[in-house]
Participant: 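Have a look at this one before I ask anything.
Basis for what follows: all heavy atoms, side chains included, without hydrogens, waters or symmetry-related copies. All chains are named by letter (A, B, ...) in the order of the sequence lines, taking the proteins before the strands, and each is independently numbered beginning at 1. Because the structure is predicted, anything quoted here is derived from the model rather than measured.
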Amino acid sequence: MSASANVEVNIKDCETADPEKLAVFEKHISDGGLIEPNDWMPEAYRTLMLRMAEHHANSEIVGALPEGEWITRAPSLLRKLALTAKVQDEVGHGQMLYEVAQDLGKSRNAMLRDLITGVTKYHNCFNYPCPTWADICMIAWLIDGAAILNQGTLAHGSFGPYIRTMRRINMEEAFHFKHGEDMVLTLMSGTAKQKKMAQEAFDRWWDPSLAFFGPNDRPDERERPAMKWRMKTATNDELRQKFVNRFAPAAMATGLVINVCKKDENGLVISATPDPKLKLNEETGNWDFTQPDWDEFFKVIRGNGPCNKDRLALRRFSYEQGEWVRRAILDGSTEKPCNN
Amino acid sequence: MTELEKQFQSPMVNLLLSIADDKLFLGHRNSDWTGIAPILEADIAFSSLAQDDIAHASAIYQLIHTLTGEDPDQIAFGRTENEYRCADIVTKNDEFNWAFAIARQFYCNTFDFVRLQRLSASSWVPLSSLAKRLCAEQAIHVDHVHSWIKHLGKGNEDSNARIQNALDTFAPYAAMLFEKPVGIDILHEAEILTDHSAFFVSWKNSIEPTIDTAGLTLNIQQDELQGGRSGKHDEDFTQSLCELQEVFSTDPLAAW
């Protein structure tokens, strides 16, 4: 569901690579070439690409948790089937992305262990609560919608296995988005209670959707390794603007109001007022909007969000309760089930 | 025969409910593992099985709709507890213990396969053709879960003990799968159901070779108790039903 190209690598690491090889490598990338796992690459590239793929894989499997909790409560046979299939897709994306990361030198088991011990992170947007069915609708519409925009640009990156995986994932995300859009439209053309439920969930998810793309751009964004080496092809702010241009009019067309909200420590809205900045700027052709609450964003990213502990605890539970199974059927320390 | 005479409709609906409710709640329980199963590949596979079961239930509720005119979602989500006809093994709490989930799946999937094979011989064509179609997918479920039983039975001492314990714990509930749906004898007498062979024996014959290969033992007796098929459910079922109906019941007439 979510990619993040916002993992960092120390720029100094780039300077330790063999300058001649580095020049050939960079020319290959700037000519539009792809890097494959066995090609020469600077250690900084390997490190950054591994972190990106690992962070993305972690986000997929942690992202499965909040939605997974609503499968058993889905209110119709069709929704139950669709939600189960969607969450299954997210797990499948995680599986594919862990394979990509493994090729860069870290075992799946090490990645799963680092995830549950907090050594590595997952996407911040999964640390917010989903108290109603409408939250599930908004996640599929807004967060998957944001992921499609983000991953659409990542699919033009430079690491072959990652971009091929991204293309495959994006096709499935398009279904997720349609599924989300259909659920939101159903609620917004339903009873007064359903519309209220949808607006309240929208208020909870608009800010995390804006923040989905990561912090505001730095002045040297395009010179930093992620963009210089074409791992990332659009900046956070560019993607955020694209998202607002698409979703602000779409939300308003359904009858939703875009509010600026204050939230309590549980991530629940305590006040909501229409975004005073929201309007189509005729000069730029873009929608103006209020930035998300970045103080809250950094608080959540540091591990103090409403659901950080719950998500990690469930992931840890899953890892620990399955340990005896992996010991029994995986061949020693290998990563895949054996065939006999 | 494509039309079902009126006097057979009520026993047929009761039989169909017992199959669909089994599948709905087994799928419901198993879908809860999506995202947290022990291995990513197993997670994906188990979720597919859950989706198949929910889709099978949906197809059977649709068949009931052709007899009663009732909306499939209303049938699936809108009944009171004593109107559900599933055997309670399908909603037995597995406590997110993979051995329990696999044992439950082993008993139920094999039972469903044998049941669908028997129904494939029905003289009521809408039932026999649906049963034949579902049987093809059910065979994949059976293959999958029998392979898990072998893996865990033969894996190591610990996994063998865990799966044996799970099989023993769920055995009394598995026996309740064979509680006869009310009115099924009428369908047998009228030769609408044409397979009169011993159901329990066929099922046992289907699971014993796998149990033997896996180095496990089967400790199960057929009994005549009344339970889920008669609408008498236990607490785990009540809890599952509450979850199933949580959103739906906020407004049963709304579109979701």
Participant: So what's closer than 4.5 Å to chain A heavy atoms on Y61(B): side chain, backbone, both or neither?
Facilitator: side chain
Participant: Taking the side chain as everything from C-beta on, heavy atoms only, tell me whether D158(B) gets closer than 4.5 Å to R327(A).
Facilitator: yes
Participant: When you measure from the side chain of D73(B) to the backbone N and O of L77(A), does any donor-acceptor pair fall under 3.5 Å?
Facilitator: yes
Participant: Considering only heavy atoms from C-beta outward, does the side chain of K80(A) approach that of H28(B) to under 4.5 Å?
Facilitator: yes
Participant: Whether the side chain of Q194(A) engages the backbone of A255(B) through a donor-acceptor N/O pair (distance < 3.5 Å, no angle test) should be reported.
Facilitator: yes
Participant: Using heavy-atom distances under 4.5 Å, tell me whether F77(B) contacts chain A through its side chain, its backbone, both, or neither.
Facilitator: side chain
Participant: Kindly indicate whether the side chain of V247(B), heavy atoms from C-beta on, has any atom under 4.5 Å from the side chain of W70(A).
Facilitator: yes
Participant: Decide yes or no for T191(A) and D251(B): does some side-chain heavy atom of the first lie under 4.5 Å from some side-chain heavy atom of the second?
Facilitator: yes
Participant: Within the 3.5 Å criterion, strictly below it, is a donor on E243(B) or T72(A) matched to an acceptor on the partner's side chain?
Facilitator: yes
Participant: Between R326(A) (side chain only) and I39(B) (backbone N and O only), is there a donor and an acceptor less than 3.5 Å apart?
Facilitator: no
Participant: Of the backbone (N, CA, C, O) and the side chain (C-beta and beyond), which part of A76(B) lies under 4.5 Å from a heavy atom of chain A, both, or neither?
Facilitator: side chain
Participant: Please classify the contact of A37(B) with chain A as side chain, backbone, both or neither, using a heavy-atom distance under 4.5 Å.
Facilitator: backbone
Participant: With a 4.5 angstrom heavy-atom cut-off, is it the side chain or the backbone of S249(B) that approaches chain A, or both, or neither?
Facilitator: neither
Participant: Which bit of R162(B) comes within less than 4.5 Å of chain A, counting heavy atoms only: side chain, backbone, both or neither?
Facilitator: side chain
Participant: Any donor and acceptor pair, going by atom type alone, linking the side chain of Q321(A) with main-chain N or O of I36(B) inside 3.5 Å?
Facilitator: yes
